[in-house]
Number of protein chains: 4
Amino acid sequence: MPDAARRSERSRNAILQAAMDLLQEKGYADLTVEGIAARAGVGKQTIYRWWGGRGPVVLDALVEKHSGSGGPPALPDTGDLEADLRPVIRAIVAELADDRLSATTRALTIETLSSEDFAGRMRDRLLRPQLDTVKNRLRSARAAGQVRAGVDLDQAVELLIGPMYHRWMMRTGPLTEEYADGILELAMAALRPGAADRPGAPPTASSDLM
Amino acid sequence: MPDAARRSERSRNAILQAAMDLLQEKGYADLTVEGIAARAGVGKQTIYRWWGGRGPVVLDALVEKHSGSGGPPALPDTGDLEADLRPVIRAIVAELADDRLSATTRALTIETLSSEDFAGRMRDRLLRPQLDTVKNRLRSARAAGQVRAGVDLDQAVELLIGPMYHRWMMRTGPLTEEYADGILELAMAALRPGAADRPGAPPTASSDLM
Amino acid sequence: MPDAARRSERSRNAILQAAMDLLQEKGYADLTVEGIAARAGVGKQTIYRWWGGRGPVVLDALVEKHSGSGGPPALPDTGDLEADLRPVIRAIVAELADDRLSATTRALTIETLSSEDFAGRMRDRLLRPQLDTVKNRLRSARAAGQVRAGVDLDQAVELLIGPMYHRWMMRTGPLTEEYADGILELAMAALRPGAADRPGAPPTASSDLM
Amino acid sequence: MPDAARRSERSRNAILQAAMDLLQEKGYADLTVEGIAARAGVGKQTIYRWWGGRGPVVLDALVEKHSGSGGPPALPDTGDLEADLRPVIRAIVAELADDRLSATTRALTIETLSSEDFAGRMRDRLLRPQLDTVKNRLRSARAAGQVRAGVDLDQAVELLIGPMYHRWMMRTGPLTEEYADGILELAMAALRPGAADRPGAPPTASSDLM
DNA sequence: AGGTAAGCGAGACGGTACGTCGCGTCTTAGA
DNA sequence: TCTAAGACGCGACGTACCGTCTCGCTTACCT
């Protein structure tokens with residue numbers, strides 16, 4: 001209904017910035033539409049008109065931030081899968097370990113859990129692009145024979161990512177570089193071609209390729 | 001401050017039951033202290049006195065429900081780790097796949113993300129006991145040589161559990177039995193002793209031990 | 001702080017009406033802000049924003065009702081002070097004698113005793129205009145020589161009004177027409193010029209009579 | 001129902017004292033049963049058992065205080081009514097003028113207005129004895145011919161007392177010694193025998209003066 | 001160029017729930 | 001059995017935000 005052409009870019013930016021600021025300062029639970037509007041010097045209606053609530057605003061703010069680089073870049077492909085993934089995994093753990101940096105992720109996760117609708121948008125606009133960079137690297141690795149042929153790449157990505165998010169959310173342990181490396185090592189062992197997955201075939205052959 | 005000895009058991013039960021009922025009926029987002037009190041036929045103050053908010057009430061209700069069996073039982077140990085784990089993994093996926101069954105988990109996860117304090121209680125009272133059953137089975141498997149000696153068991157547990165929770169939360173894919181089996185298979189491959197983790201040693205040796 | 005220009009006249013009227021209705025039905029002790037809001041179909045905040053509590057609302061409602069006639073009219077001046085005052089005094093007694101009619105006065109009096117701030121507003125907006133009509137009549141009577149020159153008119157008004165309110169409040173006796181006439185007669189005797197207050201007249205004469 | 005013989009005198013005194021203290025400190029509006037019980041170091045039930053609410057407690061406390069002298073003494077009778085009354089009237093005005101001293105009277109008046117039942121007890125136990133001392137003095141004055149024979153003594157008492165209470169409640173003016181004297185002078189003029197009230201005396205004389 | 005319709009800031013509005021306070025009742029332990 | 005203590009069901013308090021709505025105002029488009 002509203003005419004997007006006449007939308008105020010100034011207000012949009014002020015709102016997204018205010019949302020990010022307040023999220024850092026007070027956390028998602030204390031983030032209110034009224035607070036965002038007041039901080040941004042904006043009428044509440046402007047937020048409801050263009051977003052519909054705090055969830056989509058935060059999502060937009062995050063997308064904005066992450067798309068600063070014009071979408072996540074492809075991972076390097078040096079031929080050594082583990083070496084290429086290590087910095088990514090470490091970076092994720094480092095971000096999750098930092099309360100300030102992960103505040104927005106926390107917010108998005110809450111909203112994702114609260115609204116199926118939001119979950120879909122969040123997944124497609126923010127999460128998928130990031131997961132896909134990993135997935136694509138795994139695909140090339142599989143093509144190169146460094147990953148077992150039968151592996152489902154989506155499962156493989158989650159095997160890498162899932163443990164870290166779980167530990168972060170549930171606070172079941174420290175999020176350290178050692179942890180990142182440990183998970184990476186386990187995941188590589190899971191993906192690496194070996195005797196186990198090729199019954200009857202000589203395991204050493206594929207082991208050599210690794 | 002309040003005198004726990006004089007606490008009303010009747011009220012406590014009514015509150016926990018009402019909380020569970022409303023959680024099923026309306027979801028966590030629409031669960032209010034006022035609603036719980038009304039349904040339980042109880043004053044709001046009684047809830048605030050003993051719990052302090054809806055989060056701790058739901059946690060208590062869940063703990064109550066799960067501790068009905070006197071704590072989670074140890075997993076069976078048939079000597080075949082994968083076979084012993086499969087039903088557990090499948091059950092977790094099945095529960096997460098069912099919106100009604102996972103409503104409470106969703107609620108607790110939101111609260112966990114919102115409050116560090118709550119997260120701690122949740123982890124210790126609900127999550128840890130469940131994770132420990134898996135961890136203990138893995139420990140015995142490691143002792144039996146079915147899991148590599150160097151594996152950190154906490155990481156191993158998360159390697160199994162994390163991917164499923166991630167897919168469930170982020171709705172990145174279907175939660176099916178095939179998925180459960182796929183993750184289990186990957187995790188087993190990661191844990192299983194093999195050539196990869198013993199550079200220079202003949203991989204077949206340990207393979208034989210499995 | 002709120003912008004009075006944007007105030008909803010509809011809500012204001014509904015609130016005042018609801019307050020009057022509930023006052024009649026249940027009395028001041030059972031009158032609640034919540035009840036007024038519900039009856040008026042209005043948010044509580046609207047009451048707190050513009051009034052601050054039930055007291056000011058009732059005051060406003062009363063002022064509204066009494067100012068329907070555009071302020072109290074001047075008393076008639078037939079030249080006979082006692083005759084002019086008698087209907088007023090009788091009317092006051094009659095109103096106080098009727099529980100329904102005096103319910104609001106009772107309410108306002110309680111609030112007046114409870115809050116100095118409220119007392120001031122009540123005095124200026126409701127009471128003073130009414131007392132002034134009597135005072136003005138007394139002033140013209142004094143100018144006409146029917147009231148002693150030295151009489152303080154405020155005291156004179158209270159001499160008339162005070163006894164009735166005292167009996168009403170303390171329930172020390174019946175509030176009848178005879179009582180009204182009795183107080184009026186006494187007050188007239190107090191105000192009427194006589195030997196006592198005219199220095200130059202032989203004081204011993206009246207002293208002897210005592 | 002409760003057995004008065006086993007009643008704790010210690011608790012009774014502590015409650016009455018606490019009530020008086022809190023009344024002075026915070027006013028009647030902020031006086032609560034819970035507060036009295038806490039201050040007195042007493043269970044709430046003890047208050048509800050023996051009194052039934054804060055109103056009767058305050059009444060009792062006041063009666064206690066005033067009956068310290070074993071009931072109000074008779075006024076002196078020097079033969080000069082006005083001289084005998086003046087200190088009484090001035091004392092009343094002085095007490096009313098002092099916020100601390102009149103706090104209890106304020107409380108009792110509110111309760112009197114709120115509860116007809118309470119009003120009766122208050123009138124009989126506290127007010128009547130005090131009014132009667134004045135009434136008795138007026139009666140002897142009437143017998144001595146210093147007050148007109150036809151005067152209703154209850155009305156006469158209220159003529160003296162009513163104006164002061166009205167000014168005190170409604171805050172319509174200052175409560176000074178001059179005011180006390182003014183009201184007394186007016187009331188004396190109303191009561192004093194004179195030409196006006198003695199039919200058969202030439203009414204024209206005073207009429208002319210009006 | 002002027003008129004008009006949109007977006008805008010502001011914030012009042014009807015609501016829902018919050019977390020607190022005090023009520024008057026009831027239960028427990030101790031004297 | 002009375003008492004101190006205080007938990008309880010209840011109801012109202014005054015506040016915070018919700019999402020909708022109504023104001024003038026600015027601003028850009030469209031005759």
Side-chain angles (χ1 to χ4, degrees), chain A residues 1-12 14 30-38 40-50 52-54, chain B residues 1-8 10-12 14 30-38 40-50 52-54, chain C residues 1-8 10-12 14 30-38 40-50 52-54, chain D residues 1-8 10-11 14 30-38 40-50 52-54:
Chain A
M1 206 58 161
D3 178 355
R6 318 191 77 185
R7 183 172 181 179
S8 161
E9 190 62 20
R10 160 189 296 272
S11 294
R12 179 171 182 276
D30 290 343
L31 183 68
T32 67
V33 171
E34 233 150 45
I36 296 171
V42 137
K44 286 196 292 174
Q45 196 60 244
T46 302
I47 294 178
Y48 284 111
R49 185 173 8 245
W50 299 111
R54 65 175 182 174
Chain B
M1 208 57 156
D3 180 353
R6 307 187 50 193
R7 183 170 182 180
S8 162
R10 159 188 297 272
S11 294
R12 179 172 182 276
D30 290 343
L31 183 67
T32 66
V33 171
E34 212 143 51
I36 296 170
V42 136
K44 285 197 288 178
Q45 199 62 46
T46 301
I47 294 179
Y48 286 111
R49 183 169 13 240
W50 299 112
R54 65 176 183 172
Chain C
M1 210 57 159
D3 180 352
R6 308 188 49 195
R7 183 171 181 180
S8 160
R10 159 189 296 272
S11 294
R12 179 173 182 274
D30 290 342
L31 183 68
T32 65
V33 171
E34 212 144 50
I36 296 171
V42 137
K44 285 196 291 179
Q45 198 62 41
T46 302
I47 295 179
Y48 286 111
R49 180 167 19 237
W50 299 112
R54 65 176 183 174
Chain D
M1 205 60 160
D3 179 354
R6 316 192 84 194
R7 182 170 183 181
S8 160
R10 160 189 296 272
S11 293
D30 290 342
L31 183 67
T32 66
V33 171
E34 232 149 49
I36 296 171
V42 137
K44 288 197 291 175
Q45 196 61 242
T46 302
I47 294 178
Y48 284 110
R49 180 163 25 236
W50 299 111
R54 67 175 181 176

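Numbers restart at 1 for each chain; the letters A, B, ... are given by sequence-line order, proteins then strands. Atom set for the values below is all heavy atoms of this structure, side chains included, hydrogens, waters and symmetry mates excluded.
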Taking all non-hydrogen atoms of both residues, which atom of [X] and which atom of [Y] are closest, and how far apart?
X      : Y      : answer
A14(D) : A40(D) : O-CB, 3.5 Å
V33(A) : I47(A) : O-CD1, 3.9 Å
A37(C) : G43(C) : CB-C, 4.3 Å
S11(C) : T46(C) : CB-CG2, 4.4 Å

Evaluate the side chain to side chain contact (heavy atoms under 4.5 Å, CB included) criterion for residues R7(C) and W50(C): first the C-alpha distance (whole Å), next the side-chain angles of each, then the deciding distance (0.1 Å), finally the verdict.
-> CA-CA 9 Å; R7(C) 183 171 181 180; W50(C) 299 112; 3.5 Å; yes

Between [X] ([atom1]) and [N] ([atom2]), how many Å, whole number?
X      : N      : atom1 : atom2 : value
I47(D) : dA4(F) : CD1   : C1'   : 12 Å
E9(A)  : dC8(E) : CD    : P     : 11 Å
I36(A) : dG9(E) : CD1   : P     : 14 Å

Once base and sugar-phosphate atoms are separated, protein heavy atoms under 4.0 Å mark nucleotides 24-31 of chain F, 5' to 3', with B, S and - as ---BB---

For nucleotides 9-15 of chain F, 5' to 3', base contacts (B), sugar-phosphate-only contacts (S) and non-contacts (-) with protein non-hydrogen atoms under 4.0 Å give SB-BBBB

Could you tell me whether R49(D) atom CZ has more than 12 heavy atoms of other residues or ligands within 6.0 Å of it?
-> yes

Examine distances only and state if a side-chain atom of R54(D) and a backbone atom of L31(D) form a donor-acceptor pair shorter than 3.5 Å.
-> yes

Among dA7(F), dA12(E), dT3(F), which is the nearest nucleotide to the side chain of W50(C)?
->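 Taking heavy atoms from C-beta onward, the closest nucleotide is dA12(E).
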
Looking at residues at least two apart in the chain, or sitting in another chain, which of them share a side-chain hydrogen bond (donor to acceptor under 3.5 Å, both in side chains) with T32(B)?
-> none

